[in-house]
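Heads up, the thing below is written out as structure tokens.
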Amino acid sequence: MKLYDSLTRQLRDFAPGSPPRVTVYGCGPTVYDLAHIGNFRTFVAYDLLHRHLRWRGFEVDFVVNLTDVDDKTIQGAAAAGLPLGEYTEPFAEAFLEDAAALGFLPFASHPRATAYIPEMVRLVEGLERGGHAYRGGDGSIYYGVSSFSGYGRLSGKGGTESEGRSRIDGESLGKRDPRDFALWKLAGPDDEAVGAAWESPWGRGRPGWHLECSAMARSLLGGTVDIHMGGEDLLFPHHENEIAQSEAATGRPLAHFWVHVRHLKVDRRKMSKSEGNFHTVRELVEEGHDPAAVRWALLGAHYRSELNFTRAGLDEAAAALQRLLDFRRRVQELAVAEGAEGELADRSAELLEDFGRAMDDDLNVPRALAALWTLVREGNTRLDQEPTIGPGDRTALLAALAGMDGVLGVVELAAATRESAGAGEARIQRLVEERDRARAARDFALADRIRDELATEGIRLDDTASGTRWRRVRATAGHRPPQDGPKPVE
RNA sequence: GGCGCCGUAGCCAAGUGGUAAGGCAGAGGUCUGCAAAACCUCCAUUCGGCGGUUCGAGUCCGCCCGGCGCCUCCA
């Protein structure tokens, strides 16, 4: 399998340091607010890689951190008049709920930064011993970028002294070099007020943002991780600084592969609260969108390409999902007949391989989807011609579908959502039978009225040779009132 | 200003120098009481523009036009 590595800027063959184990560290959300769909585009990419590696037989240790102490969480807690943990925890829970709603495989762990303060302190101590850290004019401990020769290699930035704000900040904070960044910030009154201060050899304070990931990755996954992931914005300065800290401390590479996910756009623009195009997963679900459709809409483009999120795209995703669900159900319910078979089985295996090859190629989802659609179309064609299927063909076809969906994670998720929305089935069945009687009596006006009525509830009827079937084509019966829970911070 | 990315049909979107995947929408057809679903056929002589390299370029190089990202908290 090949993955694009941002550090070497090339596609490289992926092989873990100690197979079959693969260690992955993905930068997670800062829990000062609800994660938005832009965050989740990145996290869906995490989950795709996670699933694909598992499918390829690797044992994946996937760690995604929760940043629960930084400027924004402290500000948020102070504004809410809450201790830091009480402010951040609902957002951490919400993130995990949304991840589950989108069908994420559970992460090996999702460490909160505040639980790793001792590890961070030890890391700074090590950097201090190695001559990489110093106390700035404001009393905080800074990393001396000039002490690390590899600085700037990942992002191509920071090699020369930058200008503007960082230089001005640098002067006021007493940094030796404007590029230097805080490892340990001395606690101020605001920090103390919300409990964001811990004892350390340098006085009460809190960790710098970059330090958190270095410490958690090292402590949970060891000195070098196989893959380190994040959104493209983290390339600089976050990941550049992580490298500087970790590699100066351990003398070993932080990661064998650096994978960065391109940002999502909404309606062609960068998503932001001020643009009014800020969406959360729960908001879309509350509007009646299927979480599986949201997932589909977030995985459609290659992870290194721009992806534009629109309502139209979400509707298209829902339709695509329905077609897959219909196909799967058709195959499952098909009459099995012994006889000549093998052609469909061979073709299914072939297309599953195409799918796998596409995913092996730096997670080329669009190409993988082409294999999926070909399977659906060719399968339907064959089933239109011959309405029965051999047991081996059926097994192979369903296995190919399940194999692909095991990586994409959408069909099973959509099916589960529909099942959980399945109340009132007896009533629907009664209406369907009433309509069948009307049709038999050629009372098509009544028949059509019943059909239209059910359609408004998200129930679609299909009149087939073997009778009328009904199915739920929406996850929910319509608009659901907002549920209790965290709301986006204004 | 510095670094980088992108521009493929009405829309979404692959394409790793060898002659344009896939999906949606649209047109026609099969099936149907009518639909729906499914299937079949059609739907880019052409890849922002102009030059160049090459036997051959959407793919490489140069310039131009247009869009975007990072450089500051950010997935």
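We name chains A, B, ... by the order of the sequence lines, and we start the count at 1 in each one.
- Across all strands, A:Leu264 comes closer than 4.0 Å to base atoms (heavy-atom distances).
- Pairing for B:A57 is absent, judged as Watson-Crick or G-U wobble with the two contacts each under 3.5 Å.
- Considering only side-chain N and O atoms, A:Ser155 lies nowhere under 4.0 angstrom from the phosphate OP1 or OP2 of B:G4.
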Practice task
Between protein and nucleotides 25-38 of chain B, map the contacts as a letter string: B base, S sugar-phosphate only, - none, heavy atoms under 4.0 Å, written 5' to 3'.
Solution key: --------BBBBSB
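- Atom-to-atom, CG of A:Leu324 to C1' of B:G23 comes out at 11 Å; the value is rounded to the nearest Å.
- Distance, A:Asn65 CG to B:A75 C1': 11 Å, rounded to whole Å.
- The distance from atom NE2 of A:His302 to atom C1' of B:U8 is 17 Å, rounded to the nearest whole Å.
- Under the 4.0 Å criterion applied to side-chain N and carboxylate O atoms, A:Asp326 and A:Arg469 are not assigned as salt-bridge partners.
- In terms of the side-chain hydrogen bond (donor to acceptor under 3.5 Å, both in side chains) criterion, residue partners of A:His263 (sequence neighbours excluded) are, by chain and number, A:Asp233.
- At a threshold of 4.0 angstrom between heavy atoms, the contacts of A:Asp361 include nucleobase atoms, whether or not backbone atoms are also involved.
- For A:Arg12, the side chain to side chain contact (heavy atoms under 4.5 Å, CB included) criterion is met by A:Asp5, A:Thr8, A:Gln10, A:Phe257, not counting sequence neighbours.
- B:G33 makes up no base pair with any nucleotide shown, lacking Watson-Crick or G-U wobble contacts both under 3.5 Å.
- The NZ atom of A:Lys72 sits 10 Å away from the C1' atom of B:A75 (whole-angstrom rounding).
- Contact annotation for A:Ser305: backbone-only contact, meaning every heavy-atom pair under 4.0 Å involves sugar-phosphate atoms and none involves a base.
- One can place CG of A:Leu299 at 13 Å from C1' of B:C12, the figure rounded to the nearest angstrom.
- Separating the C1' atom of B:G69 from that of B:A75 is a span of 14 Å, rounded to the nearest Å.
- Going from the C1' atom of B:C50 to that of B:G66 covers 15 Å, rounded to whole Å.
- An OP1 or OP2 oxygen of B:C73 is reached within less than 4.0 angstrom by no side-chain nitrogen or oxygen of A:Thr30.
- Contact check, A:Trp296 against B:G23: no side-chain N or O comes under 4.0 Å of OP1 or OP2.
- Between B:G18 and B:U59, the two C1' atoms lie 11 Å apart (nearest whole Å).
- By the side chain to side chain contact (heavy atoms under 4.5 Å, CB included) test, A:Arg394 is found to be paired with A:Val331, A:Leu334, A:Val336, A:Ile389, A:Leu398, residues two or more places apart in sequence or in another chain being considered.
- Going from the C1' atom of B:U19 to that of B:A27 covers 28 Å, rounded to whole Å.
- Salt-bridge formation is not detected for the pair A:Glu333/A:Arg328: no Lys NZ or Arg NE/NH1/NH2 atom is positioned less than 4.0 Å from an Asp or Glu carboxylate oxygen.
- Both distances falling under 3.5 Å, in either a Watson-Crick or a G-U wobble arrangement, occur for no nucleotide opposite B:C43.
- Mapped onto RNA chain B by nearest heavy atom, A:Arg41 and A:Glu316 fall at different nucleotides, with A:Glu316 at the one closer to the 5' end.
- A 3.5 Å limit on both hydrogen-bonding distances identifies no Watson-Crick or G-U partner for B:A9.
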Anything under 3.5 Å between a donor and an acceptor, one on a side chain of residues 34-46 of chain A, the other on a protein residue two or more places apart or in another chain? List them.
{"residue": "A:His36", "atom": "ND1", "partner": "A:Asn39", "partner atom": "ND2", "Å": "3.2"}
{"residue": "A:His36", "atom": "NE2", "partner": "A:Asn39", "partner atom": "N", "Å": "3.3"}
{"residue": "A:His36", "atom": "NE2", "partner": "A:Asn39", "partner atom": "ND2", "Å": "3.3"}
{"residue": "A:Arg41", "atom": "NH1", "partner": "A:Arg262", "partner atom": "O", "Å": "2.9"}
{"residue": "A:Arg41", "atom": "NH1", "partner": "A:Ser305", "partner atom": "O", "Å": "2.8"}
{"residue": "A:Arg41", "atom": "NH2", "partner": "A:His302", "partner atom": "O", "Å": "2.8"}
{"residue": "A:Arg41", "atom": "NH2", "partner": "A:Ser305", "partner atom": "O", "Å": "3.0"}
{"residue": "A:Tyr46", "atom": "OH", "partner": "A:Cys27", "partner atom": "N", "Å": "3.2"}
{"residue": "A:Tyr46", "atom": "OH", "partner": "A:Cys27", "partner atom": "O", "Å": "2.6"}

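- Distance check on atom P: B:C5 versus B:U45 gives 30 Å, rounded to whole Å.
- When the C1' atom is compared between B:U8 and B:G58, the two are found 7 Å apart, to the nearest whole Å.
- Taking a 4.0 Å limit (strictly below) on heavy-atom distances, residues 366-375 of chain A reaches RNA chain B at A:Pro366, A:Arg367, A:Ala370, A:Trp373.
- Base pairing of B:G62: its partner is B:C50, meeting the Watson-Crick or G-U wobble criterion (both donor-acceptor distances under 3.5 Å).
- In this structure A:Asn308 satisfies the side-chain hydrogen bond (donor to acceptor under 3.5 Å, both in side chains) test with no other residue, sequence neighbours excluded.
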Completion exercise
Heavy-atom contacts, protein to nucleotides 65-70 of chain B, under 4.0 Å, summarised as B (base), S (sugar-phosphate only) or - (none) per nt, yield ---SSB
In residues 363-373 of chain A, what donor-acceptor pairs under 3.5 Å come from side-chain atoms, sequence neighbours left out?
{"residue": "A:Asn364", "atom": "OD1", "partner": "A:Arg367", "partner atom": "N", "Å": "3.1"}
{"residue": "A:Arg367", "atom": "NH1", "partner": "A:Asp361", "partner atom": "OD2", "Å": "3.0"}

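- Judged by distance alone, the side chain of A:Asp290 and the main-chain N or O of A:Ala292 form a donor-acceptor pair under 3.5 Å.
- As a whole-Å value, the separation of A:Phe181 CZ from B:C71 P is 16 Å.
- If you measure from atom CG of A:Asp70 to atom P of B:A75, you get 9 Å, rounded to the nearest angstrom.
- When the C1' atom is used for both B:G15 and B:G22, the distance is 11 Å, rounded to whole Å.
- Non-hydrogen atoms lying under 4.0 Å from RNA chain B are contributed by nothing in residues 95-110 of chain A.
- Once rounded to the nearest 0.5 Å, the distance linking CG of A:Leu454 with CZ of A:Arg435 reads 8.5 Å.
- A salt bridge is defined here as a Lys NZ or Arg NE, NH1 or NH2 lying under 4.0 Å from an Asp or Glu carboxylate O, and A:Asp463 with A:Arg439 meets this definition.
- Among pairs with a residue in residues 100-112 of chain A, those fulfilling side chain to side chain donor-acceptor pair (under 3.5 Å) read A:Glu89-A:Arg112, at least two apart in sequence or across chains.
- For the pair A:Phe309 CZ and B:A75 P, the interatomic distance rounds to 18 Å; values are reported in whole Å.
- Look at A:Glu343 and A:Arg347 and you find no salt bridge, because none of the NZ, NE, NH1 or NH2 atoms lies under 4.0 Å from a carboxylate O.
- Counting any heavy atom pair closer than 4.0 Å across all strands shown, A:Gly28 reaches sugar-phosphate atoms only and no base atom.
- The pair A:Glu232-A:Arg304 does not count as a salt bridge, with every side-chain nitrogen at least 4.0 angstrom from each carboxylate oxygen.
- Nucleic acid contact for A:Gly230: sugar-phosphate only, since backbone atoms but no base atoms lie under 4.0 Å from a heavy atom of the residue.
- If you check the side chains of A:Asp70 and A:Thr67, you find no donor sitting under 3.5 Å from an acceptor.
- When the side chain to side chain contact (heavy atoms under 4.5 Å, CB included) test is applied to A:Leu221, the partners found at least two apart in sequence or on another chain are A:Arg21, A:Thr23, A:Tyr25, A:Asp61, A:Val63, A:Val225.
- Pairing for B:G1 goes to B:C71, judged as Watson-Crick or G-U wobble with the two contacts each under 3.5 Å.
- For the P atom pair drawn from B:C60 and B:A38, the interatomic distance equals 38 Å after rounding to whole Å.
- A:Thr73 and A:Thr88 share no side-chain donor-acceptor pair at under 3.5 Å.
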